[in-house]
Amino acid sequence: MKTEIYDLKREYERGMNAAAQAIASGKLAIFPTETVYGLGADALNPEAVAKIFAAKGRPQDNPLIVHIADFSQLDLAAAEIPPLAKKLMEAFWPGPFTAVLKKSDRIPDNVSAGLDTVGIRMPASEYARELIRRSGTMIAAPSANRSGRPSPTLARHCIADMQGRVDVILDGDAADYGVESTVCDLTGGIPLILRPGGITAEMIKREVGAVRVAEAVLGGLKEGEKAASPGMKYKHYSPNAKVVIVKAERTESLAFCMNMLYDKDVAEGKRPLILCMDALDRLFEKKAHCCIGADERAVAHGFFDALRRADENGFDQIYFQATSVGGMGLAVMNRAIRAAGFDVICAEDFMREISEK
Ligand code: TXA
Ligand code: MG
C-alpha cells in the first residue's frame, strides 16, 4: 500500500482532506494528538476497525479508544453517563483523559474487544478534533506504533513503524505530552485509573475528592489475575535495547550503581546508554548518556523518543533513572517499568550486595 505523507504546517488543507477522506471511506489515517500519534479508522465501521488490528499486529482482545470532537458525540458512544463522570469530562476535556463508560450499541464489538464498556476521549489537539469533524464520524485510534514498540511522539516514528501499512500519515510535529492519555474507569463509584497519563491522580482527586489507582499500574498482573484494562497485560513500549530501571534514595548511590553496571557492560563488549534527568548530566560526563528533561513532565515528553533513538544509535542496553511516582511521574514509571519488563534495580540494595561479597 502506498502511504501518503503530509506535513500539516505546509499542506494543511490537502493533508486534512486526504486523511478525512481516508477515514470516511473505511481506510486508515495516522494523525497527531497532544499525547501521542493515533492510528485512526471510522469507529462505527467494524471492517475499518479490523484494519487497525491488522496494521498494528495488535491482539484482538485489546480495546480501542473512541475519539470525539465535541460533547454532542458523547451520547452516540456511551450508554450511561454517571454524574461524577460528567464532572470529570467537563473538567478535563478536551485533553489527555479517557473515560471508560458503559458502551452504546452503536459501537461495534471489535472497538471494545467484546467488553460492555468503551474508552472515550476528546483530544485537545486541534488537528485531531478537526480531522474528526471532517471525517463526519468518531475515530477509533490506538497509538500509531507497531504493537509492542514505543509509542510514537513524532511523525518520523509513525513512518518508521507504519509506512506501507496505512493510507495517510499527517505530520503535526512533536506530541505535547509524549505519553498516552489517562485511562479512567468511571463506571463504578470512585474513579479508577487503569493507565496513568497527563491528567494526574492528584488532578482527579482535586476535582471529585477521591481516586484509586489500579495495582497493575506499577506492578504486573498476578498469576491468574484478570486485567481490568486488557492493555495492562502485554509487553509494551519496548525498544530493541534491553531496559533496566535504576532507582535510588540518594544521587551518590545512583551514580555508583549506574557506573558499575555501565563499566561491566563495556568490559563485556556491550553498548550501554544512561538515560537520566538533566541534573545528573555532569555525573556521567564521560559515559554515553542522554538527559531527557528537568522534571517528570519533560521526561514524559522525551521518553519514547529516547528509547527509539537508543536503537537507532546501536545501543543494546539502557539504564533509566527512575523518576518519582508523583504527578506525571506515575505515567513515566508505568511506561518505563513495562519497557523494562519489570527489571528494576534498587541502587542501595545493589551496593549492599557488593559490599557483602
Ligand atoms: O493518548 C491516547 O490514549 C492515545 C491517543 C492516540 O489518543 N491512544 C492510545 O490508545 O494510547 P492505545 O490503544 O494504545 O491504548 C488504549 C488503552 C489500552 O491499554 C486499552 O486496554 C485501554 O486503553 N482501554 C481501551 N478501552 C478500554 C475499556 N473499555 N476498558 C478498559 N481499558 C480500555
Ligand atoms: Mg498503545
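Whatever order the structure lists them in is the order used to number ligands and atoms, beginning at 1. Positions are given from 1 along the sequence. Small disclaimer: the values here were computed from a predicted structure and weren't measured.
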(message) Under a 3.5 Å distance rule, please check whether His301 uses its side chain to pair with a backbone N or O of Gly178 as donor and acceptor.
(response) no
(message) Looking at Lys103 and Leu115, would you say the former's side chain and the latter's main chain have a donor-acceptor pair under 3.5 Å?
(response) no
Between [X] and ligand 1, which residue portion shows a heavy-atom distance shorter than 4.0 Å: side chain, backbone, both, or neither?
X      : answer
Lys103 : neither
Leu194 : side chain
Lys56  : neither
Val100 : side chain

Which of the numbered atoms in ligand 1 are under 4.0 angstrom from any heavy atom belonging to [X]?
X      : value
Thr117 : 28 (C), 29 (N), 30 (N)
His67  : 5 (C), 6 (C), 7 (O)
Gly38  : 6 (C)
Val183 : 23 (O)
Thr35  : 1 (O), 2 (C), 4 (C), 5 (C)
Val118 : 29 (N)

Should the pair [X]-[Y] be classified as a salt bridge under the 4.0 Å nitrogen-to-oxygen rule?
X      : Y      : answer
Asp70  : Arg129 : no
Lys247 : Asp349 : no
Glu312 : Arg309 : no
Asp265 : Lys242 : no

Below the 3.5 angstrom mark, is there an N/O of [X], backbone or side chain, next to an N/O of ligand 1?
X      : value
Ser181 : yes
Arg58  : yes
Arg195 : yes
Arg121 : yes

Might you confirm whether atom [atom1] of [X] has over 12 heavy atoms from other residues, nucleotides or ligands at distances under 6.0 Å?
X      : atom1 : answer
Glu252 : CD    : yes
Lys287 : NZ    : yes
Glu249 : CD    : no

Where the closest heavy atom to [atom] is concerned, which of [options] has it?
atom                    : options                        : result
atom 14 (O) of ligand 1 : Ala99, Cys184, Gly197, Ser143  : Ser143
atom 12 (P) of ligand 1 : Gly198, Gly119, Ala175, Pro142 : Pro142
atom 21 (O) of ligand 1 : Asp61, Leu192, Asn62           : Asn62

(message) Hydrogens and angles aside, do Thr98 and Arg195 bring a side-chain donor and acceptor to less than 3.5 Å of each other?
(response) no
(request) Look at Ser143 and state whether any of its N, O or S atoms is less than 2.8 Å from the Mg ion (ligand 2). (result) yes
(request) Report the residue from Arg149, Lys56, Arg146 that forms a salt bridge (charged side-chain N to carboxylate O under 4.0 Å, His left out) with Asp161. (result)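 Only one option passes, and that is Arg149.
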